[in-house]
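Read the structure below first, then the notes.
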Amino acid sequence: MAIEPLNIEATTHTPLVNFNPELSVYEISGRAMYDDVQHVHNQTIKWIDENLKQIKTSVSLHIKMKYVDSSATKMLSILLSKFEDAYISGQSINVRWYYNVEDEDIISLGEKFISTKKLPIEMIGVVNE
């Protein structure tokens, strides 16, 4: 049975979430502000809990955040912990953390996750995205 993709459109306060195992696409991008991001977080965690361990191919999660407030940072950490658990259990997972080279906050957040998660996270700088 095929895994249903998760596609949540971005708004001005919530990120795009596109998890499509059939196309090997796993992306979170945009802005995340707590008051508006809770429903996105809940749907995303539910999808991960129900589906991540069923995926037999490599998972490359692309994170392209433009803004993450402090409350949404905690939600992103919880989400990465789910991927970390699967990685520790032997699943092939890597994370690509894209950041604007001038955005110290997003750079710092990516570096924090590199130091706190037992998960391969690659930092990829982009100019003026």
Side-chain angles (χ1 to χ4, degrees):
M1 184 162 113
I3 299 172
E4 288 294 318
L6 175 66
N7 188 11
I8 303 170
E9 293 297 322
T11 70
T12 55
H13 296 117
T14 61
L16 166 110
V17 177
N18 183 13
F19 290 176
N20 190 328
E22 187 174 316
L23 301 176
S24 295
V25 171
Y26 307 91
E27 179 181 350
I28 300 171
S29 60
R31 300 171 57 83
M33 296 176 207
Y34 178 74
D35 291 340
D36 297 312
V37 81
Q38 186 73 37
H39 75 281
V40 172
H41 173 76
N42 291 344
Q43 290 177 63
T44 305
I45 293 298
K46 182 176 186 234
W47 189 93
I48 291 168
D49 285 344
E50 292 175 355
N51 299 298
L52 184 59
K53 291 184 179 170
Q54 297 177 46
I55 298 169
K56 302 303 178 203
T57 58
S58 291
V59 172
S60 184
L61 175 62
H62 298 260
I63 300 177
K64 304 173 183 178
M65 301 307 295
K66 294 183 189 265
Y67 177 81
V68 182
D69 74 11
S70 58
S71 296
T73 296
K74 181 174 180 176
M75 293 181 187
L76 192 53
S77 180
I78 292 167
L79 182 138
L80 285 172
S81 292
K82 298 283 185 178
F83 282 90
E84 178 184 39
D85 291 345
Y87 177 76
I88 290 169
S89 295
Q91 197 163 355
S92 177
I93 294 178
N94 67 69
V95 176
R96 294 197 171 113
W97 184 274
Y98 296 84
Y99 62 92
N100 182 314
V101 295
E102 297 176 5
D103 190 336
E104 291 296 322
D105 292 334
I106 297 298
I107 293 168
S108 177
L109 185 58
E111 289 171 346
K112 174 185 168 194
F113 288 136
I114 287 172
S115 69
T116 60
K117 302 294 178 192
K118 293 176 178 65
L119 185 65
I121 300 174
E122 177 185 2
M123 299 279 290
I124 301 171
V126 293
V127 179
N128 294 328
E129 186 168 285

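- Minimum interatomic distance between A72 and A32 (heavy atoms only, all atoms of both residues): CB-O, 3.4 Å.
- Here the closest non-hydrogen pair linking L16 and A10 is N-CB, 3.5 Å.
- Looking only at side-chain heavy atoms (C-beta outward), I78 and H41 come within less than 4.5 Å of each other.
- Of all heavy-atom pairs between W97 and I106, the closest is NE1-O, 3.1 Å.
- Each of I114, V95, N94 was scored for a side-chain contact (heavy atoms from CB on, under 4.5 Å) with P120, with one residue passing: N94.
- Without hydrogens or angle criteria, Q43 side chain to V17 main chain gives no donor-acceptor distance under 3.5 Å.
- The CG atom of D85 sits 8.5 Å away from atom NZ of K117, with the distance rounded to the nearest 0.5 Å.
- Cluster annotation: V25 is not connected to L52 through the hydrophobic network of ILVMFWY side chains, with a link wherever side-chain heavy atoms come within less than 4.5 Å.
- One distance of note links NZ of K66 with CG of D103; it measures 10.0 Å at 0.5 Å rounding.
- Expressed to the nearest 0.5 Å, how far CD1 of I63 lies from CZ of R96 amounts to 12.0 Å.
- For the pair E27 (side chain) and N18 (backbone), a donor-acceptor distance under 3.5 Å is absent.
- Atom-to-atom distance recorded for I93:CD1 and I88:CD1 is 10.0 Å, nearest 0.5 angstrom.
- In this structure, I107 and Y99 approach most closely via the heavy-atom pair CG1-CD1, 3.2 Å.
- Side chain of W47 to backbone of N7: no donor-acceptor contact under 3.5 angstrom is found.
- Judged purely by atom type and a 3.5 angstrom limit, S108 has no side-chain atom pairing as donor or acceptor with the backbone of E104.
- Considering only heavy atoms from C-beta on, F19 comes within 4.5 Å of I48 through its side chain.
- We find the NZ-NZ distance between K53 and K56 to be 10.5 Å, quoted to the nearest 0.5 Å.
- The closest donor-acceptor contact from the side chain of Q91 to the backbone of I55 lies under 3.5 Å.
- Side-chain N or O atoms of R31 include one that pairs as donor or acceptor with a backbone N or O of T12 at under 3.5 Å.
- Note: Y98 and H62 have parallel aromatic rings, judged against thresholds of 30 and 60 degrees for the angle between ring planes.
- Side-chain contact between L80 and L61 is present, with at least one heavy-atom pair separated by less than 4.5 Å.
- Note that CD1 of I8 and NE2 of H39 are 6.5 Å apart. Values are rounded to the nearest 0.5 Å.
- Using modelled atom types, no side-chain atom of S77 and backbone atom of T73 make a donor-acceptor pair closer than 3.5 Å.
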Problem - Stepwise side chain to side chain contact (heavy atoms under 4.5 Å, CB included) check, M33 with Y67 - result: CA-CA 8 Å; M33 296 176 207; Y67 177 81; 3.8 Å; yes
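- Both M65 and V127 belong to a common hydrophobic cluster when Ile, Leu, Val, Met, Phe, Trp and Tyr are linked at side-chain heavy-atom distances under 4.5 angstrom.
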